[in-house]
Amino acid sequence: MIRPVYYVEDHTVLTALYYGPKIYLDPRDIIQANIMYYGFWEKWVSDAFLDRLKPGMTVLDIGAHCGYYSLLAAMKVGKSGKVHAFEPNAKMVENVKKSLMINGFRQVDWHPLALSDQAGTARLVVPETGGGALIATEASEHQQVDTVILSDYLPECKADVIKIDVDGSEPRILNSLYKLIERSDHPTIFMEYCPVLWRMQSFDPKERLQNFIHFGYAFYVLEHNGNRTSIDFDQLIAFDRNEHLDLLIKKA
């Protein structure tokens, strides 16, 4: 597949994703540079994500970054669906707006907010390589961002698919997420899981994850080769390597 890349202006390029939608990118960000070069990011996650989506669904993209997964979701759910994208990093806004416009994706609501366990403000750490996290680490840049509680901010929302990648802040979202699960029909969850970062913030993975068991969910690891490997709860809690797992969490 030939994918032209056009330099627009001010460190911005326009290209097409491997899966179809057009996207504006800033290649100074390492994730966006990879998307520009290959046309995708985390293909093993992208394929599984797209496989779960159908027209008319409601999708939450929490930690939307440059809008990559939001664009994929909008493509699959169509005009009858809805995508709620949450990304507090102000650097992403302009390119995302242009990406949504050039694709005609009016079904995406972009929320320039960080989801957390309390409403207010917080310091977003923005590394030079891109992304952003609420974890206090050394970085060249910080932004003051607004935080909201998911269940309060979207009190009537019911979701079909939820993608969460917030660089270690996942525990701050889960209690609110469970409230959304209660009013939805067993949404499928895609979540980056790095318990080392959780424990650094004094969050107990077992305490934070056990409600998924209560709701009848099972856990699967999305492998880089495309396989989906079942992992039981005890194995998940015992995972202690300094790396993350890409989890698919769905009704057993």
Side-chain angles (χ1 to χ4, degrees), residues 1-8 11-55 57 59-78 81 83-87 89 91-105 107-108 110 127-133 160-167 170 188-194 220-229 243-250:
M1 178 181 178
I2 299 174
R3 298 175 40 259
V5 178
Y6 303 101
Y7 181 78
V8 181
H11 303 287
T12 300
V13 301
L14 171 65
T15 188
L17 297 177
Y18 171 85
Y19 301 97
K22 299 179 177 66
I23 189 169
Y24 286 87
L25 298 165
D26 182 345
R28 293 174 296 179
D29 176 306
I30 190 169
I31 293 175
Q32 296 182 66
N34 273 268
I35 295 172
M36 177 186 72
Y37 188 81
Y38 295 106
F40 55 79
W41 176 249
E42 302 171 326
K43 193 171 186 299
W44 58 96
V45 179
S46 300
D47 289 342
F49 181 71
L50 287 167
D51 186 55
R52 302 296 295 185
L53 299 176
K54 296 178 181 178
M57 282 186 166
V59 179
L60 271 60
D61 183 5
I62 302 172
H65 194 67
C66 63
Y68 171 79
Y69 282 103
S70 296
L71 294 174
L72 297 186
M75 175 185 71
K76 289 297 294 282
V77 304
V83 179
H84 289 286
F86 290 87
E87 176 52 58
N89 189 341
K91 289 184 174 182
M92 305 297 175
V93 174
E94 291 305 314
N95 277 347
V96 168
K97 286 181 178 178
K98 291 186 288 188
S99 295
L100 295 176
M101 184 178 299
I102 199 171
N103 289 288
F105 288 159
Q107 61 269 43
V108 179
W110 185 264
E128 289 183 354
T129 53
D160 299 291
V161 175
I162 303 168
K163 188 230 91 185
I164 308 171
D165 182 354
V166 287
D167 293 337
E170 292 82 7
T188 299
I189 316 292
F190 292 86
M191 187 176 74
E192 185 176 285
Y193 174 62
C194 184
Y220 301 85
V221 177
L222 300 175
E223 308 286 358
H224 289 205
N225 62 7
N227 291 338
R228 304 172 193 181
T229 305
E243 59 188 67
H244 77 266
L245 297 175
D246 294 307
L247 295 181
L248 167 62
I249 308 171
K250 64 178 183 176

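Just so you know, these numbers come straight off a predicted model, no measurement behind them.
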Verdict with supporting geometry, Y19 and L50, side chain to side chain contact (heavy atoms under 4.5 Å, CB included): CA-CA 10 Å; Y19 301 97; L50 287 167; 3.3 Å; yes
Ring pair (Phe, Tyr, Trp, His ring centres under 6.0 Å) partners for H244, two or more places apart: none
4.5 Å side-chain heavy-atom contact, K22 and T15: no
Distance in Å, L245 CG paired with Y220 OH, rounded so as to fall on 0.5 Å steps: 15.5 Å
Contacts of type side-chain contact (heavy atoms from CB on, under 4.5 Å), residue E94, not counting sequence neighbours: K97
Where V96 and G67 come nearest, the two heavy atoms and their spacing: CG2-N, 4.1 Å
Salt bridge (Lys or Arg N to Asp or Glu O under 4.0 Å) involving D26 - partner list, sequence neighbours excluded: R28
Short side-chain donor-acceptor distance under 3.5 Å, Y18 and S46: no
Partner set under ring pair (Phe, Tyr, Trp, His ring centres under 6.0 Å) for F190, not counting sequence neighbours: F49
Test side-chain contact (heavy atoms from CB on, under 4.5 Å) applied to N34 - qualifying residues, sequence neighbours left out: I30, Y38, W41
Results of side-chain contact (heavy atoms from CB on, under 4.5 Å) for K98 - residues two or more places apart only: T12, Y24, N95
Rounded distance [0.5 Å steps], CD1 in I23 versus SG in C66: 4.0 Å
Under 3.5 Å side-chain donor-acceptor pair for H65 and D165: no
Minimum heavy-atom distance between S70 and V108, given as atom pair plus value: O-CG2, 4.3 Å
Qualifying residues under side chain to side chain donor-acceptor pair (under 3.5 Å), relative to K43, sequence neighbours excluded: D47
Set of residues satisfying side-chain contact (heavy atoms from CB on, under 4.5 Å) with respect to K54, sequence neighbours excluded: M57
Y7 atom OH, neighbour heavy-atom count above 12 within 6.0 Å: yes
Those residues that, when tested against W44, pass ring pair (Phe, Tyr, Trp, His ring centres under 6.0 Å) (two or more places apart): H224
Spatial distance of atom NE2 (H84) from atom CH2 (W110) [nearest 0.5 Å]: 13.5 Å
Sequence-distant partners of E42, side chain to side chain donor-acceptor pair (under 3.5 Å), two or more places apart: Y69
Criterion side chain to side chain contact (heavy atoms under 4.5 Å, CB included) on I62 and V166, from CA distance to verdict: CA-CA 7 Å; I62 302 172; V166 287; 3.9 Å; yes
Presence of salt bridge, R228 and D51, under 4.0 angstrom: yes
Point-to-point distance, once rounded to the nearest 0.5 Å, from CD1 of I162 to CZ of R52: 12.5 Å
